[in-house]
Amino acid sequence: ATEYINIKIPDTHEDRTVTAIKCFRDGCFTSIMIPVGVTRIDANAFSDADQLTDVYYPGTEEQWAQIVIGEGNDYLKNAEMHFNYDPKKY
């Protein structure tokens, strides 16, 4: 049986703000938290995320709308969005 997990992308990596998401090739997750610092999600970054149902985002809907999301991310775009989410609860 496949075990599904939740993923939390960190705000920083090696003391640098995470600003882009390039690729998630494993579709075995149902939810993801994307930090406010992200400004770009590359094309097909979530093309294999067929189990993704929920996206948690600490920012506002207006901030989310400013993120450049490449094509081929339908699973991300069709997931239920949770804006203004407290990252400590994830």
For Tyr75, enumerate each residue passing the ring pair (Phe, Tyr, Trp, His ring centres under 6.0 Å) test, keeping only those at least two apart in sequence or located in another chain.
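Listed in chain order: nothing, the list is empty.
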Given 3.5 Å as the limit, does a donor-acceptor pair link the side chain of Ser31 with the main chain of Asp54, or not?
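Not at all, since once roles are kept as given, no pair shorter than 3.5 Å links the two residues.
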Do any N or O atoms from the side chain of Gln66 and from the backbone of Gln63 form a donor-acceptor pair under 3.5 angstrom?
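Flag not set: sc Gln66 to bb Gln63 has no pair under 3.5 Å.
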Can you label the angle between the His82 ring and the Tyr56 ring as parallel, tilted or perpendicular, going by 30° and 60°?
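His82 and Tyr56: parallel rings.
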Considering only heavy atoms from C-beta outward, does the side chain of [X] approach that of [Y] to under 4.5 Å?
| X | Y | result |
| --- | --- | --- |
| Tyr85 | Ile34 | no |
| Thr60 | Asn84 | yes |
| Tyr57 | Val38 | no |

Of all the heavy-atom pairs spanning Pro10 and Pro35, show the shortest one and how long it is.
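So the two residues come closest at O-CG, 3.5 Å.
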Approximate separation, where rounding is to 0.5 Å, of [X] [atom1] and [Y] [atom2]:
| X | Y | atom1 | atom2 | result |
| --- | --- | --- | --- | --- |
| Leu52 | Lys77 | CG | NZ | 13.5 Å |
| Asn6 | Ile32 | CG | CD1 | 10.0 Å |
| Leu76 | Ser47 | CG | OG | 11.0 Å |
| Asp11 | Thr19 | CG | OG1 | 12.0 Å |
| Phe46 | Asn78 | CZ | CG | 13.0 Å |
| Met33 | Asp86 | CE | CG | 7.5 Å |

Out of Ile41, Val36, Ile21, which one pairs with Ile67 under the side chain to side chain contact (heavy atoms under 4.5 Å, CB included) rule?
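The passing option is Ile41.
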Listed partners of Asp42 passing salt bridge (Lys or Arg N to Asp or Glu O under 4.0 Å), at least two apart:
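In terms of salt bridge (Lys or Arg N to Asp or Glu O under 4.0 Å), with neighbours along the sequence ignored, Asp42 is linked to Lys22, Arg40.
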Shared ILVMFWY cluster between Tyr90 and Trp64, side chains joined below 4.5 angstrom?
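No; tracing contacts between hydrophobic side chains, which count when under 4.5 Å, never links both residues.
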